[in-house]
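Chain naming here is simple, since letters A, B, ... match the order of the sequence lines and numbering starts at 1 in each.
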Amino acid sequence: PCLQRKILDYFKDD
Amino acid sequence: MLELRLVQGSLLKKVLESIKDLVNDANFDFSSSGFSLQSMDSSHVALVALLLKSEGFEHYRCDRNTSMGMNLGNMSKMLKCAGNDDIITIKGDDGSDTVTFMFESPTQDKIADFEMKLMDIDSEHLGIPEAEYHAIVKMPSAEFARICKDLASIGDTVVISVTKEGVKFSTRGDIGTANIVLRQNTTVDKPEDATVIEMNEPVSMTFALRYMNSFTKATPLSNTVTISMSPDLPVVVEYKIAEMGYVRFYLAPKMEE
């Protein structure tokens, strides 16, 4: 079982 | 006033085909240096970043920075009406709620105007940090597309591992497992056929094949693809658009729970 990470876990709002 | 004339109109058609299934609506940001787009897919797992620089256009006029919200499915429908050899011009007026695509046949004997409604899109713009990647693999884009397609018939995820021996693509599913290893190969007739592995540190990450396969729709844009990986960052799958810019796809990894 793998957890799909989200882009927002890495890149922040400008 | 906005007016962009692209002699190689097929390029814009290919760009749209490469991103329209991943992103439904997006803001196109026009400035004097070119236009760009940044958008996440609806599940916020992948992000597409497009850049087309003004130098690549035969004529490029953008009097002031402007953002136009477009439905990419609708834009693709319109661009599909352009012939592959057509010259495409994008036109917009300040404050207008439409954009016009003009298609000219190479012999100038057929000229078409398609006016598309714009939309208000409330999209987040993300800061993508400059990063040093553990490993960067440059390989033929068709080979990458083939690998992703083949592995998706066996499993749902791909483990991409880069070591000094090469780059390994692995999957497992109900029917079994598959491993494909590519070694660095620079002794080829054409540079675009080379596989080049730059590795600072070994890296191994897991990704959803569904997204990888979606990214490979950009294969017609470039003979080569670059895959950049670091354990603490989304992978970057980049297709360079000759002398104009790029389409970059960022994909968040899957992690062991």
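When all heavy atoms are compared, the tightest approach of A:Ile7 to B:Val45 is CG1-O, 3.2 Å.
At a 4.5 Å heavy-atom cutoff, the contact between B:Met255 and chain A is made by backbone and side-chain atoms alike.
The environment of NZ in B:Lys240 is sparse: at most 12 heavy-atom neighbours from other residues, nucleotides or ligands sit within 6.0 Å.
Rounded to the nearest 0.5 Å, atoms NZ (A:Lys12) and CD1 (B:Ile128) are 13.0 Å apart. Between the CG atom of A:Leu3 and the OG1 atom of B:Thr206 there is a distance of 12.0 Å, given to the nearest 0.5 Å. Rounding to the nearest 0.5 Å gives a distance of 12.0 Å between NE2 of B:His125 and CZ of A:Phe11. Rounding to the nearest 0.5 Å places CZ of A:Arg5 at 15.5 Å from NE2 of B:His44. From A:Gln4, atom CD reaches atom OG1 of B:Thr157 across 10.0 Å, with rounding to the nearest 0.5 Å.
Evaluation of the side chain to side chain donor-acceptor pair (under 3.5 Å) rule for B:Ser67 yields B:Asp29 as partners, not counting sequence neighbours. Residues satisfying the side chain to side chain donor-acceptor pair (under 3.5 Å) test with A:Tyr10, not counting sequence neighbours, are none.
Counting only residues at least two apart or on different chains, the salt bridge (charged side-chain N to carboxylate O under 4.0 Å, His left out) pairs with a member in residues 141-160 of chain B are B:Arg146-B:Asp150.
Chain A is approached within less than 4.5 Å, heavy atom to heavy atom, by B:Asp232, B:Leu233, B:Pro234 from residues 229-237 of chain B, ordered by number.
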